[in-house]
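Small disclaimer: the values here were computed from a predicted structure and weren't measured. All values below were derived from every heavy atom in this structure, side-chain atoms included, with hydrogens, water molecules and symmetry-related copies excluded.
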Amino acid sequence: MSVQSLVSKKKKTFIGLPAPLGYVPGLGRGATGFTTRSDIGPARDADDIPEDRHAPPNKKMKQKEEDDDEDLNDANYDEFSGYGGSLCSKDPYDKDDEEADAIYEAIDKRMDEKRKERREEKLKKDIEKFRQERPKIQQQFSDLKRDLAHVSVDEWNSLPEVGDARNRKQRVGRAEKFTPVPDSVLARAAASGSVNSAVSEQEQKFGGLSTPFGSITPIGSATPMGDIDMKKIGQARNTLMDIKLTQVSDSVSGQTVVDPKGYLTDLQSMLPSHGGDINDVKKARLLLKSVRETNPKHPPAWIASARLEEVTGKVQAARNLIMKGCEECPKSEDVWLEAARLMPGDQAKAVVAQAVRQLPQSVRIWIKAAHLETEMKAQKRVFRKALEHIPNSVRLWKAAVELEDEEDARIMLSRAVECCPTSVELWLALARLESYENARKVLNKARENIPTDRQIWITAAKLEEAHGNIPMVEKIVDRALNSLRSNMVEINREHWIKDAEDCERSGSLHTCQAIVRAVISVGVEEEDKKHTWMEDADACAAHGAYECARAVYAYALTVFPSKKSIWLRAAHFEKNHGTRESLEALLQRAVAHCPKAEVLWLMGAKSKWLAGDVPAARSILALAFQANPNSEEIWLAAVKLESENNEFERARRLLHKARNSAPTARVFMKSVKLEWCLGEVGNAMILLDEAVKHYPDFPKLWMMRGQIEEQQGNTDAARNAYNQGLKKCPTSWPLWLLLSRLEEQTGQLTRARSILEKARLKNPKTPQLWLEAVRVENRAGLKNIAMTLMAKALQECPSSGILWAEAIFMEPRPQRKTKSVDALRKCEHDPHVLLAASQLFWSERKLSKARDWFNRTVKIDPDLGDAWAAFYKFESLHGDQKAVDDIATRCAAIEPHHGEHWCKVSKAIPNWRLKTSEILPLVAAAMPVPT
């Protein structure tokens, strides 16, 4: 049997044959349902890129593709627009589609703009309605937040602290306990960071290996040799203290400048003043060192280095550096001056001496040398030595002259002007010290040497005026202008007028007037002269130079003698800043040039009358009659003059003549008032009957008629007079008020309301009528109706000060401040609102604020008598007598004529002859204290 046959017997029959149909490997022995390495491929790291080339399809992607298909469900169908999906979503998006989309977008935008205003307005109304129903907490407490601005520090500090609601154990807590550390711990800590430099006997004997290597004792650690001797540390500290005390001793006098006992308390003053980072100082020091080494001949580098050391507290290092700088830069005066500043006492003198040898022409070094001397004699010696080297230095001459007495100063100045002939100051100083004759010579020499300076000419003019040579003053000023023009010097008006003001302050009045006359026309166009000169006069008056302003007015009047406005301004200037004599002299010249200017005649007559010279006032008015035969103002002024001086018959005759020659409504009114005041009511009624025939549309005549009837108790006649007047003058609101008050006094409240409503219809936007309507309701006790009326009034007249002033005090006390803020926002400069604010502060006892606001009120409208009366009453109750007198004086000077309370008192018939100073206390007494 062969070997081949044996092999063939062992070979399996199915090897190499194809598997039968439906064969699954391992199924017979149950080896199925698991995965081997051959199924999933080789192993990979976590950060390897996965091979997704043959990845299975994603379920989500399939779902998305399915969602992109058109949804034709019934739930997505609409009768008008069809299915919800886009019908053309699968079609390509081309240029036509883009253009169509742009058109539709523009249409949508246009339609949105059409509705935008309506939509925004509706949204705004909804928000406002919502805010009214549910206001923010911020709005609810707005008035209280405004009040916080006026809370003082004391009131804030007096607020009670919030209590602590925690229990006692939580509030108190455990007290911290501190135990002092023993010296052994400190010694061990110090030893752990130190390195032994000596080898002990034990280490020499055992080679340093007595302690085995291990994890308990680390290699190289030091073992402490014992406790630290604290006594020795204290002795070392005392030694260091002695060294420091020795270092801060004075090297010049040998005496210490530091008290050893108070050394520790004085250490704070020895700290460097530089508060920057130490690293910045090191960088700066390194940079400056580099600069010095690179360019040792650069002086600023040495100065900066020295100052850096000085700032950091190293004064000695700074001195060393600056001295080295002096060696490197011996020709720099800045380095020498810095060295002199840093050096103490005698060393500084030595440094300056070296500096003088190096720089004998340096003015600053010589002045520093003089300042270092303590004795006057030594300073003089230094300056004289300096002048030997630098004879043309004006600064040295001035400093040297200041140390001398008058005689020596004159001698030095005579030498100084020879050495410095172009110094104006030296020439003028010499002229002041010389006698009159010598001063003239000095100034002449000065003009020769400096022909372009105006101060020499002005000084010459002042010199002549001081010695009574007034005619020469004008000549010198004229020569000055001609000389300066010939030397091509521009004549500047502002500079010359300022010099004139300086001359007035120094008492040289003729010189200042001559300068003004000479330069007032320089560089001014013909059409601008009047305007420019009036501005110059106002500016001079504002600077307190009244003589200059007077000179400007005088020159302007010579150029424009017939200008009434210039005469008036000059007259007001003399009235405020001049004397009565100067005012009357000016007015006499004024009426000679402007005889038709009634106001100038009246000012002259009033000035004479106030001075008590009644015949002179009559003569002036007589001359005024000749110049203005039918002037109403002059007729009435003459009547007032006679009536004020108890010449009632003369006044009647004058009024009779005036009615015949120059009949006017005012003349008739004054005639009626004179008869009424004198008690001749019958004559007054006769004159009124005649007056209303000629002037039926003059409302004051009807008012007087109704008031006379009311005074006599004829209510029906008064009502009839007012009604007739309103037919002729329906726009006169005072007539409507008088009729309404008449009806209210008789108890006809409804009729009074209807009259005021009718008045408001005929005179819309009249705040006085609204105010009266509000007050009628308040007097009747109907506060709600009054508040409603006030709201309507403020809507119709939002900028009326009298309405806002009344509205402030109609509010409850907590809301007044808010109302006053709103009033000031609407009427910032209205005197009635300012007066109400002043009274509000008064009612809140804020006296200093109230005083400030009263002052502001009378400054804004000085003609409001109510403000003066309220201010007077305020100072009477809360001020001193001096303040009361001051207000009375200021009020009398202003002579106010308006104001509700003021007119009630001043126009009352019994008070017709009272003056302003007498009316003021009466009005103040009638005014209520604000509450």
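The main-chain N or O of P798 is found under 3.5 Å from a side-chain atom of W804 such that the two form a donor-acceptor pair. A donor-acceptor pair under 3.5 Å is formed between the side chain of W601 and the backbone N or O of P595. With hydrogens and angles ignored, the 3.5 Å screen pairs a side-chain donor or acceptor of W902 with a backbone N or O of P896. Side-chain N or O atoms of D538 include none that pairs as donor or acceptor with a backbone N or O of A549 at under 3.5 Å. At distances below 3.5 Å, at least one donor-acceptor pair connects side-chain atoms of W868 with backbone N or O atoms of P862. A donor-acceptor pair under 3.5 Å is absent between the side-chain atoms of D886 and the main chain of K882, judged by distance alone. Here the side chain of K873 pairs a donor or acceptor atom with the backbone of A924 at under 3.5 angstrom. A donor-acceptor distance shorter than 3.5 angstrom exists from the side chain of N576 to the backbone of H572, with no hydrogens or angles considered. With hydrogens and angles ignored, the 3.5 Å screen pairs a side-chain donor or acceptor of T558 with a backbone N or O of Y555.
Ion pair R913/E918 not flagged as a salt bridge, since none of the NZ, NE, NH1 or NH2 atoms sits closer than 4.0 Å to an Asp/Glu carboxylate oxygen. Of the charged side-chain nitrogens involved, at least one lies within less than 4.0 Å of a carboxylate oxygen, so that E675 and R652 count as a salt-bridged pair. Remark: D822 does not engage K826 in a salt bridge, criterion side-chain N to carboxylate O under 4.0 Å. Using a cutoff of 4.0 Å between basic side-chain nitrogens and carboxylate oxygens, E584 and R580 are scored as salt-bridged. A salt bridge is absent between E772 and R775; no separation between the charged side-chain nitrogens and carboxylate oxygens falls under 4.0 Å. With respect to the salt-bridge test (charged N to carboxylate O, under 4.0 angstrom), the residues K792 and E777 do not qualify. Taking a cutoff of 4.0 Å between a charged side-chain nitrogen and a carboxylate oxygen, E642 and R618 qualify as a salt bridge.
Among M790, Q815, K819, R816, the one residue that satisfies the side-chain contact (heavy atoms from CB on, under 4.5 Å) test with M810 is M790.
One side chain, N660 or H656, offers a donor N or O that lies under 3.5 Å from an acceptor on the other. A donor-acceptor contact closer than 3.5 angstrom is absent between the side chains of Y722 and E709. Under the 3.5 Å distance criterion, with hydrogens and angles disregarded, no donor-acceptor pair is assigned to the side chains of D866 and H901. Defined by atom type and a distance below 3.5 Å, a donor-acceptor pair is missing between the side-chain atoms of H694 and E690.
In this structure, Y553 OH and C540 SG are separated by 9.5 Å, a value rounded to the nearest 0.5 Å. Separation of atoms CZ (F809) and CG (L840) is listed at 5.5 Å; rounding is to 0.5 Å. Taken from OG1 in T766 to CZ in R760, the straight-line distance is 10.0 Å, to the nearest 0.5 Å. Interatomic distance, CG of L654 versus OG of S671, reported as 10.5 Å (0.5 Å rounding). To the nearest 0.5 angstrom, M534 atom CE is 11.0 Å from K563 atom NZ. From R719, atom CZ reaches atom OG1 of T746 across 5.5 Å, with rounding to the nearest 0.5 Å.
In this pair, F874 and W842 present their aromatic rings perpendicular. The plane angle is above 60°, beyond the 30 to 60° band. Below 30°, between 30° and 60°, or above 60°: for H577 and Y546 the angle between ring planes is below 30°, a parallel geometry.
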Query - Stepwise side chain to side chain contact (heavy atoms under 4.5 Å, CB included) check, L834 with F854 - result: CA-CA 8 Å; L834 293 178; F854 274 125; over 6 Å; no
Requested in this report: Please step through side chain to side chain contact (heavy atoms under 4.5 Å, CB included) for the pair R813 and S843, ending with a clear verdict.
Outcome: CA-CA 10 Å; R813 201 175 184 87; S843 67; 4.2 Å; yes
Report task. For side chain to side chain contact (heavy atoms under 4.5 Å, CB included), just list the numbers for W567 and L586, CA-CA rounded to whole Å, side-chain angles, deciding distance to a tenth of an Å, and then say yes or no. Result -> CA-CA 8 Å; W567 285 108; L586 179 76; 3.7 Å; yes
Report task. Run the numbers on E633 and R666 for side chain to side chain contact (heavy atoms under 4.5 Å, CB included), then give the verdict. Result -> CA-CA 10 Å; E633 292 292 337; R666 280 190 71 206; 3.1 Å; yes
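Using a 4.5 Å cut-off on side-chain heavy atoms (C-beta onward), W912 and L678 make contact. Residues V858 and I894 are not in side-chain contact: their nearest non-hydrogen atoms beyond the backbone lie 4.5 Å or more apart. Looking at K657 and W635, their side chains come closer than 4.5 Å, going by heavy atoms from C-beta outward. In this structure, the side chains of L587 and E574 stay at 4.5 Å or more apart for every pair of heavy atoms. Counting only heavy atoms from C-beta outward, the side chains of L914 and L922 approach each other to under 4.5 Å. M603 places a side-chain heavy atom less than 4.5 Å from the side chain of L568. Using a 4.5 Å heavy-atom cutoff, the side chains of E743 and S754 are not in contact. Taking the side chain as every heavy atom from C-beta outward, K758 and W736 approach each other to under 4.5 Å.
Taking each heavy atom of T857 and P831 in turn, the nearest pair found is CG2-O, 3.5 Å. Nearest heavy atoms, T916 versus A892: CG2-CA, 4.1 Å. Between A850 and S838, the shortest heavy-atom distance links the atoms CB-O, 3.7 Å. Shortest non-hydrogen contact noted between M927 and A870 is SD-N, 3.7 Å. Across all non-hydrogen atoms, the minimal contact from F668 to L687 is CD2-O, 4.3 Å. Considering every non-hydrogen atom in both V667 and A658, the closest pair reads CG1-CB, 3.8 Å.
Under a cut-off of 6.0 angstrom, the local environment of NZ in K817 is crowded, with over 12 non-hydrogen atoms contributed by other residues, nucleotides or ligands. Around the CD atom of E527, the shell of radius 6.0 Å holds more than 12 heavy atoms that belong to other residues, nucleotides or ligands. Residue-environment remark: NZ (K859) stays at or below the threshold of 12 foreign heavy atoms within 6.0 Å. Heavy atoms of other residues, nucleotides or ligands lying less than 6.0 angstrom from CD of Q712 number more than 12. Annotation: H829, atom NE2; neighbour count of heavy atoms from other residues, nucleotides and ligands within 6.0 Å does not exceed 12.
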